[in-house]
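Reading through the structure tokens given below for one structure.
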Amino acid sequence: MSRLIVLSNRIPTEAEPAGGLVVALHECLMRQGGIWIGSSAEPQDVAHEELTEIGSGPYRRLAFDLSHEEHENFYLGYANSVLWPLFHRRSDLIAFDAAYAEAYAAVNARVARLLAQVIRPGDLVWVHDYHFLPVARALRALGVANRIGFFLHTPFPLAADIPALPERDEFPEWLAAFDLVGLQTERDVSALQEHFRADPAAIFDLEGGVHTAHGSFLAAAFPIGIDVESFIAQAEASDGAERLALAPDQRLLIGVDRLDYSKGIVNRFEAFGAYLADRPEDAPRATLIQIAPPSRAELEAYREIRTELETTAGALNGAYAELDWTPIRYIRRNVQRERLAGLYRRANAALVTPLADGMNLVAKEYVAAQDPDDPGVLILSHFAGAAEQMGGALLVNPYDTGEMARAIAAALEMPLADRRARHAGMMEELLARDISWWTESFLSTLARQTHRAAAE
Ligand code: GDG
């Protein structure tokens, strides 16, 4: 069996709670042997040309340095102020700075040199996410002929938006240096094909192969899943709901998101406000619990969205709260995973309403956590990748406050038989394509790629 070399922005440490993706990759590495490579937890004064061993364990974890300047220009700059907004249809938020592109190229070139030192013939290389788009091209230039797969966790950018990228001419070359480009949804595969259609020399085959002047690769959808069984067990064992101290008939809605402008949290609060405004006097009270741990807080766009969110929550609570009822409970602190599972189970509906999202695992976790005899309702944005699979959700346009407010009312009034049928359908899909399916199908597809002579 081939060894696996994983490259991702961060390497999981023992101190952090392990999510489904981390556990799944950990299991692959345990099975196949290999190395997990990512950036050091803290930026350094100088980025040395070496990999540092992290901890000890059944497989190696190696970290590469990022200097303070690279943290600014590569991570916060190019990755999160150019690619992230572009890939989430927010070209208006792109920050243009030549230093960003320079740092992005330099870090990827260094990571490629370091990777080339540890890759052995026959290894499979699995690169994660938009931080490392050019790394395969850099590896090919160093003579690495191994199979290299890439998985994009975000949406694939719309063809019409890609011209906003200063490095638009290099973008197709970056992709073509991989053997396999995995995307979350069929919609993303179509977006990729549309982008390559602009190249008159590009040929597409029926199996998803894209043949370009820069090389051939396979583009396919691998919708990421969750560890369904372990989520069910956590939800059943959790004390999350008791901690809320809610009256038994109190209706609960839940939102859980990294605080990010792509997640549509402000729109969601406004929709909940519209629901509250229209709610009949005698309707049961509903509370929205929103868990939103901050991320990328050094960036202005993230500080702005936080202020906007907190202002909106404050205004709605001011308008609708009563002495014994707070409509929005907003929690910025990270909530333990087990507790979260119990909160999902207690919630009558989840509001998963991103403006753009690669997949959105919260949608899947919410469904998995439900009591099958009395399940809650998933309200899901059309623009989450999960919408392609979760046919039993109430699908909404997150920009349409009125539509979302009506979906909240419909969810809270939905008859049990309807809730059960929707939940059962979604569970079937979740079980069929869980996180093990995801890693296995990606890696077996990568292992089958034969067009580029792999160094055996
Ligand atoms: C990217 C893509 C894609 C959140 N708050 C807490 C907490 N969480 C956990 C959730 C969930 C995860 O974080 C968030 O995952 P998402 O999928 O919703 O979103 P991103 O972080 O943006 O992830 C996304 C994903 O990659 C995987 O490919 O689905 O589209 O953007 O697991 O539960 N967990 C705990 N406490 C919190 O307070 N324990």
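All figures in this text were calculated on a predicted structure; none of them were measured in a lab. Read the numbers this way: they start at 1 and go in the same order the structure lists the ligands and their atoms.
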query: Quick one: does Q336 get an N or O within less than 3.5 Å of an N or O on ligand 1?
result: no
- prompt: Which ligand 1 atoms does V256 reach within 4.0 Å, using its non-hydrogen atoms?
  reply: 4 (C), 5 (N)
message: Please check whether Q184 reaches ligand 1 - meaning an N/O of the residue sits under 3.5 Å from an N/O of the ligand, judged on distance alone.
response: yes
task: Could you check whether the rings of H131 and F74 sit parallel, tilted or perpendicular, using 30° and 60° as the cut-offs?
output: tilted
message: For the 3.5 Å polar cut-off, considering only N or O atoms, please tell me whether F151 and ligand 1 meet it.
response: no
task: Decide whether the shortest distance between a heavy atom of F87 and an atom of ligand 1 is less than 4.0 Å.
output: no
message: Could you tell me if the side chain of L29 sits less than 4.5 Å from the side chain of R60, heavy atoms only?
response: no
task: Measure from NZ or CZ of R110 to the centre of the six-membered ring of F64, then state whether that distance is under 6.0 Å and the direction lies within 45° of the axis.
output: no
task: For G358, take its heavy atoms, then give the atoms of ligand 1 lying under 4.0 Å from any of them.
output: 30 (O)
- prompt: Are the side chain of S295 and the backbone N or O of L259 linked by a donor-acceptor pair below 3.5 Å?
  reply: yes
- prompt: Are the side chains of L83 and Y104 in touch, meaning some heavy atoms are under 4.5 Å apart?
  reply: yes
Geometric class of the Y75/H71 ring pair [parallel <30°, tilted 30-60°, perpendicular >60°]: parallel
query: Going by the order shown, which atoms of ligand 1 are within less than 4.0 Å of some heavy atom of K263?
result: 18 (O), 19 (O), 20 (P), 22 (O)
- request: Please list, chain by chain and in numerical order, all residues satisfying ring-ring contact (aromatic ring centres under 6.0 Å, His included) with F204, sequence neighbours excluded.
  value: none
- prompt: What atoms of ligand 1 come within less than 4.0 Å of a heavy atom belonging to V362?
  reply: 10 (C), 18 (O)
Polar atom proximity, L340 to ligand 1 (N or O, under 3.5 Å): no
query: Do any nitrogen or oxygen atoms of N360 come within less than 3.5 Å of a nitrogen or oxygen of ligand 1?
result: yes
- line: Going by the 4.0 angstrom heavy-atom rule, the piece of L361 near ligand 1 is both
statement: Note: heavy atom closest to atom 22 (O) of ligand 1, options R258, M359, H88, belongs to R258
- prompt: Can you list the atoms of ligand 1 that are under 4.0 Å from a heavy atom of I291?
  reply: 38 (O)
message: Could you check whether any heavy atom of W84 sits closer than 4.0 Å to an atom of ligand 1, since that is the contact criterion I want to use?
response: yes
task: Check ligand 1 against R337 and write out every atom of the ligand that is under 4.0 Å from a heavy-atom position of the residue.
output: 39 (N)
R89/D161 ion pair, N-O < 4.0 Å: no
Region of Y344 engaging ligand 1 - heavy atom pairs below 4.0 Å: side chain
- prompt: Could you walk me through whether W84 and Y302 pass the ring-ring contact (aromatic ring centres under 6.0 Å, His included) check?
  reply: CA-CA 12 Å; W84 180 272; Y302 286 77; 7.7 Å; no
query: For ligand 1, which atoms sit closer than 4.0 Å to a heavy atom of N334?
result: 6 (C), 36 (N), 37 (C), 38 (O)
query: Nearest 0.5 Å, what's the CZ-CZ distance between F217 and F150?
result: 11.0 Å
- prompt: Could you go step by step and tell me if Y320 and F272 meet the ring-ring contact (aromatic ring centres under 6.0 Å, His included) rule?
  reply: CA-CA 11 Å; Y320 296 105; F272 184 55; 8.4 Å; no
